[in-house]
Amino acid sequence: SAVISQKPSRDICQRGTSLTIQCQVDSQVTMMFWYRQQPGQSLTLIATANQGSEATYESGFVIDKFPISRPNLTFSTLTVSNMSPEDSSIYLCSVGGGDWGNEQFFGPGTRLTVL
Amino acid sequence: SQQGEEDPQALSIQEGENATMNCSYKTSINNLQWYRQNSGRGLVHLILIRSNEREKHSGRLRVTLDTSKKSSSLLITASRAADTASYFCATDATGTASKLTFGTGTRLQVTL
C-alpha cells in the first residue's frame with residue numbers, strides 16, 4: 001500500500017476565498033484521484049489528476065471551480081475556488097487502480113468549513 | 001445517479017455479535033472494494049473482491065459478490081467496539097479507468 005498525506009487537515013475559510021489542498025504520496029503512482037464527501041454523505045469523484053496534462057473532470061465539476069495540478073508522480077493539489085458554504089466538505093485524494101492490483105488507498109482527508 | 005445503495009443505513013449491535021451489510025450497484029464491474037471510515041476521517045481499505053470471485057476472507061471479514069444480482073455483502077464476525085464506524089462499498093465499473101463509485105454507506109454502532 002501507499003502512505004498518503006494531505007495538507008491542511010482542516011481549515012475554516014471565508015466565503016469568496018480559495019483554498020489549495022496538497023496530497024503527497026510516499027512512492028510514484030500512476031493514478032491519483034480527488035473526491036468530495038459532503039456532510040453526512042458518501043464520496044463523489046471530482047476528477048482524475050493526470051501527470052503532465054490537464055485533469056479529467058466528472059460531470060458537475062469544472063476546472064474553474066476545482067483547478068488541479070499534478071507536477072509529478074508523487075504530488076497533486078486541488079484548489080477550491082471562490083468558496084461558498086456549499087463547498088463545506090471533506091476532500092480526499094486517493095491513489096491506486098493499477099499500482100497495487102486495482103486497490104485504491106485514500107489520504108486522511110481535508111475537512112473544509114466555509115463561513 | 002450511478003451511486004450504489006447500501007443497507008441497512010444504520011446498524012446497532014452488541015459486542016460479540018456478527019454484523020452484515022449489503023451493497024447493490026448498477027453497472028458491470030471489474031471489482032468491488034469495501035472501506036471503513038471512522039468519524040469522518042480518511043477511508044481505510046478493508047478488502048477487494050474481483051468480478052470473477054464469489055467470496056473472500058480477511059481476518060474477521062467475509063465478503064461475498066453476486067454479479068448476477070449486482071450485489072455484495074460484508075460480514076464482520078465477533079464484532080468489537082472498535083468496529084464502530086461507517087462502512088462503504090465502492091465499485092470500479094468496467095471501462096472507467098479505476099474511477100470508484102461509492103455506495104451510500106452503513107453506519108455501524110457496536111456497544112459493550
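In what follows, every chain begins at residue 1, and chains take the letters A, B, ... in the order their sequences are listed.
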- Task: Identify the two heavy atoms, one from Gln104(A) and one from His45(B), that lie closest to each other, and give their separation to 0.1 Å.
- Result: O-CD2, 3.4 Å
- Query: Honestly curious: do Trp34(A) and Phe61(A) fall in one hydrophobic cluster under the side-chain, below-4.5 Å linking rule?
  - Reply: yes
- Can any side-chain N or O of Ser42(A) pair as donor or acceptor with the backbone N or O of Gly103(B) at less than 3.5 Å? yes
- Message: When you group the ILVMFWY residues by side-chain heavy-atom contacts below 4.5 Å and let the links chain together, are Tyr57(A) and Leu43(A) in the same group?
- Response: no
- Common cluster, Ile90(A)/Ile46(A), ILVMFWY with side-chain heavy-atom separation under 4.5 Å: no
- Mind telling me whether Tyr35(A) and Phe102(B) have parallel, tilted or perpendicular rings, with 30° and 60° as the class edges? perpendicular
- Task: Pull out the residues in residues 107-115 of chain A that come under 4.5 Å of chain B, heavy atom to heavy atom, sorted by number.
- Result: Gly107(A), Pro108(A), Arg111(A)
- Message: For Arg41(B), is the CZ atom crowded, meaning more than 12 foreign heavy atoms sit under 6.0 Å from it?
- Response: no
- Message: How about CD1 on Ile12(A), more than 12 heavy atoms from neighbouring residues, nucleotides or ligands closer than 6.0 Å, or not?
- Response: no
- Shared ILVMFWY cluster between Val29(A) and Phe75(A), side chains joined below 4.5 angstrom? no
- Task: For the pair Glu103(A) (side chain) and Leu48(B) (backbone), establish whether a donor and an acceptor sit closer than 3.5 Å, ignoring hydrogens and angles.
- Result: no
- Determine whether Ile47(B) and Leu108(B) fall in the same hydrophobic cluster, where Ile, Leu, Val, Met, Phe, Trp and Tyr are linked whenever their side-chain heavy atoms lie under 4.5 Å apart. yes
- Can you tell me if CZ on Arg60(B) sees more than 12 non-hydrogen neighbours from other groups inside 6.0 Å? yes
- Message: Please classify the contact of Glu58(A) with chain B as side chain, backbone, both or neither, using a heavy-atom distance under 4.5 Å.
- Response: side chain
- Using a cut-off of 6.0 Å, state whether more than 12 heavy atoms not belonging to Glu55(B) lie near its atom CD. yes
- Message: Tell me the closest heavy-atom pair linking Leu43(B) and Leu92(A), and the distance in Å.
- Response: CD1-CD2, 4.0 Å
- Task: Name the region of Glu6(B), side chain, backbone, both or neither, that has any atom closer than 4.5 Å to a heavy atom of chain A.
- Result: neither
- Closest approach of Ser98(B) and Phe33(A), non-hydrogen atoms and distance? O-CZ, 3.8 Å
- Message: Heavy atom to heavy atom, less than 4.5 Å: which residues from residues 62-73 of chain A reach chain B?
- Response: none
